[in-house]
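The structure under discussion appears below in the form of structure tokens.
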2 protein chains.
Amino acid sequence: MKVETLRWADNKLEMIDQRILPASFEYLTYDSAASVAEGIHSMVVRGAPAIGVAAAYGVALEALRLPSTLRQAQGERSEFDKGMEAGFTVLAQSRPTAINLFWALKRMRSVWESMKGQDNAAVAERLLAEAHEILAEDIRINRAMGAFGAQLLPDGARVLTHCNAGALATAGWGTALGVFRSAVEAGKKISVIADETRPFLQGARLTAREMVQENIPVTLITDNMAGFMMSRGEVDAVVVGTDRVAANGDVANKIGTYMVAVLARRHNIPFYVACPLSTIDMNIASGADIPIEERSADEVKGFRDYHWAAEGVSIRNPSFDVTPAELVTALITERGVVRQPDRDKLRALFK
Amino acid sequence: MKVETLRWADNKLEMIDQRILPASFEYLTYDSAASVAEGIHSMVVRGAPAIGVAAAYGVALEALRLPSTLRQAQGERSEFDKGMEAGFTVLAQSRPTAINLFWALKRMRSVWESMKGQDNAAVAERLLAEAHEILAEDIRINRAMGAFGAQLLPDGARVLTHCNAGALATAGWGTALGVFRSAVEAGKKISVIADETRPFLQGARLTAREMVQENIPVTLITDNMAGFMMSRGEVDAVVVGTDRVAANGDVANKIGTYMVAVLARRHNIPFYVACPLSTIDMNIASGADIPIEERSADEVKGFRDYHWAAEGVSIRNPSFDVTPAELVTALITERGVVRQPDRDKLRALFK
């Protein structure tokens, strides 16, 4: 089943509203950088690769939206340039942790800057083509990671995943769930254990839905049951996605990933991270330097508008945590599997 | 603030309905063993010590309820005896993991059997007195544990707890939260980090409420944030309760406790278990033999009637897990602190 997390229609960006899944399935329409930024911030779209694709379209939308009559005036920044800069800025501020956002903005900026002085309509067209290419590339990359990752999973493997690193977290196919899809496509029997992933419940709502729709057996547990399942010998491997990998191989991913990694190590269960190169940030030495978003207390008080927490309690809501490289059995990238990742191995990937 | 989790009024047992806290505060009334068993099963009352007290009252209520005219007929079991046996059976089947349930039933049975042949009204009166004594004892024991445990916490300690081992899990004061209360009473500054504790959310609803009501600073996190907090150096100690401790010191407690213990060890954070002697089961060699209750899938699909999980997903719902003794820094009992618990140290406790 093909899931189009983001799609281009009628010169607008449409994105599945992931806040209301699985009860409702609905596309929301976006026509500017600011509206896409709000869609990212409010988690209409989430998942590092999908955020990157959305941001690329956000830049293209801004170029399309700005009056094409604007022309660069000599010696000062044109209105068009100012508008584009504002668009880049609002998108860059939408969420801090996933590096794919900044990776996509940098790539779009480089296209934009290469066309300085050219007709704005042509610039907009070229930026849109680049966004389309980023989307198409993302699916190709997921397929490549899937093929590499599938080889790591034995037939019959019971694989635990955290959060949703699926088609809904990407332009399609998925990173961690892409590995499961590729394994099944290769004829392997795979069953999935999905952590529900509080507070946004990406596991219960999104991963469970994706796997049910493709008839891949999936069992939902609360996040605090992963240790029990491992202690009972019911988990053969862990595969997760990531929002940013530091140059030394430390992995930032959805809050709770670190706990799963620590438990996997205790139980000698391999812990794999599906990770396109766009998620690796060679400019950050270690996980300690990765900015960790703290989100609204409301998310922890309950779910959506249903609040169950006692009144007056303080709340913390870090959205990500960092798993040190030493706990990572391997990174699965589109260029192959990197076992026991470290600085040298990551550097080699980019050569 | 005194919390009367269970109270005796008008010859009936009243219990706070913990399913609807904190939004609503309401007592439900119980007049038979079967109704108390249903109250335990449906988690109107929960927490190992509170379940024990409730079961004791269940036995007394059954004796009070059965017609006092019944007399033991020679050579066959009387109707009264049959009724009492049925009462013991239904209570014993209410929940499988917490040993306090069986401990309380055994104690009530021994009182009952010591009075065989006596007037049923006298038997009922004596059983009720025993239930009252178990309740009063529970509070005294919690106070004693609190005093011992408080000495383990440094002034200013930031203490993480899982689930609710508070006044609401006992007849009053609490086991883990009793330690916090005693530390505060002794003049120490303590702040609490409460895991929300999916799926029943005892942390978000009950622990947070108890601490807020007593002005003990409390921060709520989702269960998957405990590792993050520890990795940031924001947790100085962990104190939890328990539902059953095996003879070798293995600890069964609310699902997720094991994950916290594994993380505490990784971060060299002391992991304490507040544990009245009634929770220690010397008849069970190790945690592997402790029966682990699996509850309804509905609890994991959402919360109460609000279901968010994708349709068609399989679900696991183990309600407890086992933390091996090697991860337990110390048990806090009413007879003192048992560091690095093992079979010999536990046996010595009962001498």
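Throughout, protein chains are lettered first and strands after them, A, B, ... in sequence-line order, and every chain is numbered starting at 1.
With a 4.5 angstrom heavy-atom cutoff, A:Val212 touches chain B only via side-chain atoms. Contacts between B:Met211 and chain A at a heavy-atom distance below 4.5 Å are absent for every atom of the residue. Contact annotation for B:Ile255: both backbone and side-chain heavy atoms come within less than 4.5 Å of a heavy atom of chain A. Heavy atoms closer than 4.5 Å to chain A are found in the side chain of B:Ser231, but not in its backbone. For chain A, no part of B:Ile193 is nearby; none of its heavy atoms comes within less than 4.5 Å. For a residue to count as touching a neighbouring chain, one of its non-hydrogen atoms must lie under 4.5 Å from one of that chain's; by this rule B:Phe320 touches chain A with the backbone only. The contact between B:Glu234 and chain A is made entirely by side chain atoms (from C-beta outward), counting heavy-atom distances below 4.5 Å. B:Asn317 touches chain A through backbone and side chain together, each having a heavy atom under 4.5 Å away. No part of A:Leu206 comes within reach of chain B, as not one of its non-hydrogen atoms sits under 4.5 angstrom from that chain. For B:Ala226, the parts lying near chain A are the backbone and the side chain together; criterion is any non-hydrogen pair under 4.5 Å. Both the backbone and the side chain of B:Val300 have a heavy atom closer than 4.5 Å to some heavy atom of chain A.
Shortest non-hydrogen contact noted between B:Arg198 and A:Arg198 is CG-CG, 4.2 Å. Taking both residues in full, the closest heavy atoms of B:Arg266 and A:Pro324 are given as NH2-CG, 3.6 Å, listed atom of the first, atom of the second, then distance. Looking at every heavy atom in both residues, A:Ala310 comes nearest to B:Pro22 through CA-CG, 3.7 Å. Residues B:Tyr258 and A:Gly227 share a closest heavy-atom pair of CE2-O, 3.6 Å. Across all non-hydrogen atoms, the minimal contact from A:Leu263 to B:Val262 is CD2-CG2, 3.9 Å.
By number of non-hydrogen pairs under 4.5 angstrom with chain B, the leading residue of A:Val322, A:Asp321, A:Leu201 is A:Leu201. In terms of non-hydrogen atom pairs under 4.5 Å with chain A, the most contact-rich of B:Lys254, B:Arg205, B:Glu311 is B:Arg205. Among the candidates B:His307, B:His267, B:Lys301, the residue making the largest number of heavy-atom pairs closer than 4.5 Å to chain A is B:His267. Most heavy-atom pairs under 4.5 Å with chain A: of the set B:Arg209, B:Arg316, B:His162, this distinction falls to B:Arg316.
Looking at B:Glu294 and A:Arg232, no side-chain N of the basic residue comes within less than 4.0 Å of a carboxylate O on the acidic one, giving no salt bridge.
For A:Asn224 (side chain) and B:Thr197 (main-chain N/O), no donor-acceptor pair under 3.5 Å exists by modelled atom type.
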